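Down below is the structure, laid out as structure tokens.
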Amino acid sequence: MNDIMTPEKINIIPNENSKIHEIDFDNLVFGKKFSDHMFVMEYEKGSWGQPLIRPYGPVQISPALNTLHYGQAIFEGMKAFYVDEDTINIYRPKDHFERMNYSSRRMGIPETDYETFITALEELIKLDHRFVPTQDQSALYIRPFVFASDDLLAARSSTKFSYYIITSPVGAYYEEGFNPVSLTTTNEYVRAVVGGTGDVKTAGNYAASFLPAKKAKEDGYTQVLWLDAKEHKYVEEVGTMNIHFLIGNTLVTPKLTGSILGGITRRSVTSLAEEWGYNVEERRITIDEVFEASENGTLKEVFGSGTAAVISPVGLIHHQGRKIDFGIDSIGEFAKSLYDEITGIQYGRIEDRHNWIHTVKV
Ligand SMILES: Cc1ncc(COP(=O)(O)O)c(C=O)c1O
């Protein structure tokens, strides 16, 4: 299906039974409630079929579904923001779309086209605009995903795929909100290897990280700070965010070596830091260098970046019995400025000088 997609080409079955009254917009839990509609498109015999928007609801699958056994599945995570009653801003949809196809290529999944993607998002947002929260720090989380849908117990690529987009009104991602999170390295596990799938958003990466994340939580930390799989000394990223270190006047961000997910928020952070006159280095950084910088007083701030939390200050890093402790309430000025700037652009309070916003008129 290579035609340019127009809204008329998406069949729409409206939801006659809205669930909007079930949503407590003042107490949103991340990813728990969903909007009334979802987008669906099926791939078989070498091409994508008719796009459809229909009421959000259960999907019937075979117990032999390829994805359940072999995990041939990719996804994206992006957000849309309430500006005013007529306007919703989607943040960097083209970048998310391109990363989705990058993930698809690595996982042997057929790519999709931008026209379908953006038209589907616009239509979903128009239909479900009442689900976009108006509250501070809240947004409509958008989850596109593609999964293998052959029902065949054979460990080979599927020939059928299903493409869905669901949306969910969300509040702050971490219980901490914009307050600092705590991170620990682990000696026992690694997240991803170069040549593997760490740089794409595929289901198995996350499944493999849940046990280490649970152990970190039991030890009192919010998340794992992953080190590289080979030498176990270079800092890579956190469970669902990239990591940044402000050392003196230099923003150091671990370089994308193939095992780190290239975050879209990470890109926003490095662009803004450059514009604001900081030295910006994307390079490998060892955990020892981070501790040395802390000891000699040059480590000013550590923070994570990601769609879910936007910017998340890191208050504490634990590594092999040693700790860097910024203090439980410490929110760095730089992290705060980035948070204010990015969220300002997202909610339409600050001019979108970078063309990051796709506006939907509802
Ligand atoms: C493993 C991982 N790293 C980093 C990120 C941050 O990426 P982004 O800023 O595109 O959300 C995410 C979230 O998508 C992630 O899952």
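Just follow the structure's listing: the first ligand is 1, and inside any ligand the first atom is 1. Here the structure is a predicted model, which is why all the values come from computation and not from measurement. For the single chain, residues carry numbers from 1 onward in sequence order. Heavy atoms only: backbone and side chains are in, while hydrogens, waters and symmetry mates are out.
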* Which class fits the ring pair Phe291 and His319: parallel under 30°, tilted 30 to 60°, perpendicular over 60°? -> tilted
* Considering the heavy atoms of Thr265, write down every atom of ligand 1 situated less than 4.0 Å from one of them. => 8 (P), 9 (O)
* Structure fact -> Counting from 1 in the order shown, the ligand 1 atoms closer than 4.0 Å to a non-hydrogen atom of Ile264 are 8 (P), 9 (O), 10 (O)
* To do: Using distance alone, decide if ligand 1 has a nitrogen or oxygen within less than 3.5 Å of any nitrogen or oxygen in Leu261.
  => no
* **ligand 1 contact by Ser305, heavy-atom criterion under 4.0 angstrom** => yes
* Output yes when Glu341 and Arg353 qualify as a salt bridge under the 4.0 Å nitrogen-oxygen rule, no when they do not. => yes
* Under 4.0 Å between a Lys/Arg side-chain N and an Asp/Glu carboxylate O for Lys33 and Asp24? -> no
* Asked: Is there at least one pair of N or O atoms, one from Arg266 and one from ligand 1, spaced under 3.5 Å apart?
  -> no
* Asked: Has ligand 1 got any nitrogen or oxygen that is less than 3.5 angstrom from a nitrogen or oxygen of Thr240?
  -> no
* To do: Mark the output for Glu76 as yes if a heavy-atom distance to ligand 1 is under 4.0 Å, and as no if none is.
  => no
* **Non-neighbouring partners of Tyr102 that pass side chain to side chain donor-acceptor pair (under 3.5 Å), sequence neighbours left out** => Asp199
* Asked: Could a heavy atom of Gly239 be found less than 4.0 Å from some atom of ligand 1?
  -> yes
* What is the closest protein heavy atom to atom 16 (O) of ligand 1, and at what distance does it sit? -> Tyr206 OH, 2.5 Å
* Just jot down the ligand 1 atoms closer than 4.0 angstrom to any heavy atom of Gly263, in number order. => 7 (O), 8 (P), 9 (O), 10 (O)
* Using distance alone, decide if ligand 1 has a nitrogen or oxygen within less than 3.5 Å of any nitrogen or oxygen in Thr307. => yes
* Asked: Does the gap between the ring centers of Tyr278 and Phe334 come in under 6.0 Å?
  -> yes
* Asked: Under 3.5 Å between some N or O of ligand 1 and some N or O of His96?
  -> no
* **Cluster overlap Ile53 with Val146, hydrophobic side-chain contacts below 4.5 Å** => yes
* To do: Enumerate the atoms of ligand 1 whose separation from the nearest heavy atom of Gly306 is less than 4.0 angstrom.
  => 6 (C), 9 (O), 11 (O)
* Part of Ala308 within contact of ligand 1 (heavy atoms, under 4.0 Å) -> neither
* Asked: Do the rings of Phe34 and Tyr56 sit parallel, tilted or perpendicular, given the 30° and 60° boundaries?
  -> parallel
* How does Glu237 reach ligand 1, by side chain, by backbone, by both or by neither, if only non-hydrogen atoms under 4.0 Å count? -> side chain
* Polar proximity ligand 1 side, Arg191 side, N/O cut 3.5 Å exclusive -> no
* Asked: Below 6.0 angstrom between ring centroids: does that apply to Phe39 and Tyr163?
  -> yes
* Run the numbers for me: atoms of ligand 1, each under 4.0 Å from some heavy atom of Asn242, listed by number. => 4 (C), 6 (C)
* Polar contact flag, side-chain donor to acceptor under 3.5 angstrom, Gln135-Asp26 -> yes
* With sequence neighbours excluded, residues passing side chain to side chain donor-acceptor pair (under 3.5 Å) with Glu274 -> none
* To do: Examine the side chains of Thr298 and Asn296 and answer whether a donor and an acceptor come within less than 3.5 Å of each other.
  => yes
* To do: Tell me which part of Lys201 gets within contact of ligand 1: side chain, backbone, both or neither, using heavy atoms under 4.0 Å.
  => side chain
